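Heads up, the thing below is written out as structure tokens.
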Amino acid sequence: MKTFREEKNFSWCPGCGHGIVARLCAELIEENNLRDRTCCVVGIGCGGFHHHYMEIDALEAAHGRSIPVATGYKLGLPDNFVYTLQGDGDCASIGLAELMHAANRGTPITVIMVNNGVFGMTGGQMSPETLISQKTPTCPFGRDAKLHGNPLKVSEMMQEMDGVAYLARLSVATPTLVRKAKKGLAQAFKAQEEKLGFSFVEILSPCPTGWNMKVVDSYQRLAKEVAEILPVKEFINKVGGES
Amino acid sequence: MKKNKTLVINSARCKACGLCIHFCPKKALSLCGEFNDMGYNFVQSDQELCVKCNTCGTICPDVVLKVVED
């Protein structure tokens, strides 16, 4: 695989879902022959290492501003393929306004939000996606809805945006779901290639270090507890293909 | 003609997270007891038990395992 730099080891913690997402992106870029005209825009956080392991053009945007950078790139080079890879701390908290306006405008870019429920890079603090009663260093007694607010359901919120061509929540909890996630990502890439509009994919991913769990336990939590509140689902598909 | 498949393990990348061992349907994978350059106890496979289903390659977060066809 040309897109993927196999000689460079991932810097993510053992069991991190970012590795699976990076591999899926590299495989899809390779399969669709997009490598020569792909640009990846990454945000700040663990997702910011994504392009280090790929032989593609990449830009590192300021915190939460990947989508405006990607929009500018797409306006300048409309035939190129651009996707952003952001974590939930980057995309759902500081970058939420950019996300919503780009979605409403129908900018033909693909946004991948890797949702692990914590700010992984800085030590697992509470993010907008942290579930109720989940313990983190900034909510040591568990997240309380009265004190900290409720977790934000970004995919559900995005359903109301008219410019969205593909919207899905995917997961990497089991091999079956990983295969499903690849199909979903392929649809999101296709939505941009066919210039149908904005495509947004939320990928549920574990953060064993941030959750203070063993790797296998964190994948089981993702498949059960997290999937109950944030179901794996395809919300909008204007591409028409199977996923 | 039946294709010849092999499971390739790039042990230098392995971080011993144990996901492949957990999800392997034939229990053909185990940690080998030796250490790679990063200091992790990397994974090894039992080629007789392995059915080359690529489940480990699908879930591996560090792109260690993959099934290749000749």
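What you see is a predicted model; the values in this text were computed from it and never measured. Chain letters run A, B, ... following the sequence lines, proteins first, then strands; residues in each count from 1.
Crowding of B:Q47 atom CD: a count of heavy atoms from other residues, nucleotides or ligands under 6.0 Å exceeding 12. Counting non-hydrogen atoms of neighbouring residues, nucleotides and ligands closer than 6.0 angstrom, the NZ atom of A:K224 reaches no more than 12 such neighbours. In B:K52, the NZ atom is crowded: over 12 heavy atoms of neighbouring residues, nucleotides or ligands sit closer than 6.0 Å.
Looking only at distances, a side-chain donor or acceptor of B:R13 sits under 3.5 Å from a matching main-chain atom of A:K8.
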### Task
For A:Y53 and B:V63, run side chain to side chain contact (heavy atoms under 4.5 Å, CB included): C-alpha distance rounded to whole Å, both residues' side-chain angles, the deciding distance at 0.1 Å, then the answer.
CA-CA 11 Å; A:Y53 315 108; B:V63 200; over 6 Å; no
### Message
Set out, in order, the CA-CA distance, both residues' side-chain angles and the distance that settles side chain to side chain contact (heavy atoms under 4.5 Å, CB included) for A:F10 and B:K15, then state yes or no.
### Response
CA-CA 10 Å; A:F10 287 158; B:K15 288 181 188 155; 3.6 Å; yes
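Only the backbone of B:A12 comes within contact range of chain A, judged by heavy atoms closer than 4.5 Å. The contact between A:S11 and chain B is made entirely by backbone atoms, counting heavy-atom distances below 4.5 Å. Residue A:T174 touches chain B through both its backbone and its side chain, counting heavy-atom pairs closer than 4.5 Å.
Nearest heavy atoms, B:T58 versus A:V178: O-CG1, 3.4 Å. Shortest non-hydrogen contact noted between B:I59 and A:V172 is CD1-O, 3.6 Å. Taking both residues in full, the closest heavy atoms of B:F23 and A:A173 are given as CZ-O, 3.5 Å, listed atom of the first, atom of the second, then distance. When all heavy atoms are compared, the tightest approach of A:G15 to B:C17 is N-CB, 3.6 Å.
Using a 4.5 Å heavy-atom threshold, the side chains of B:H22 and A:Q220 count as touching. By the 4.5 Å heavy-atom criterion applied to side chains, A:P14 and B:Y40 are counted as neighbours. In this structure the side chain of B:N10 never reaches within 4.5 angstrom of the side chain of A:E7, judged on heavy atoms.
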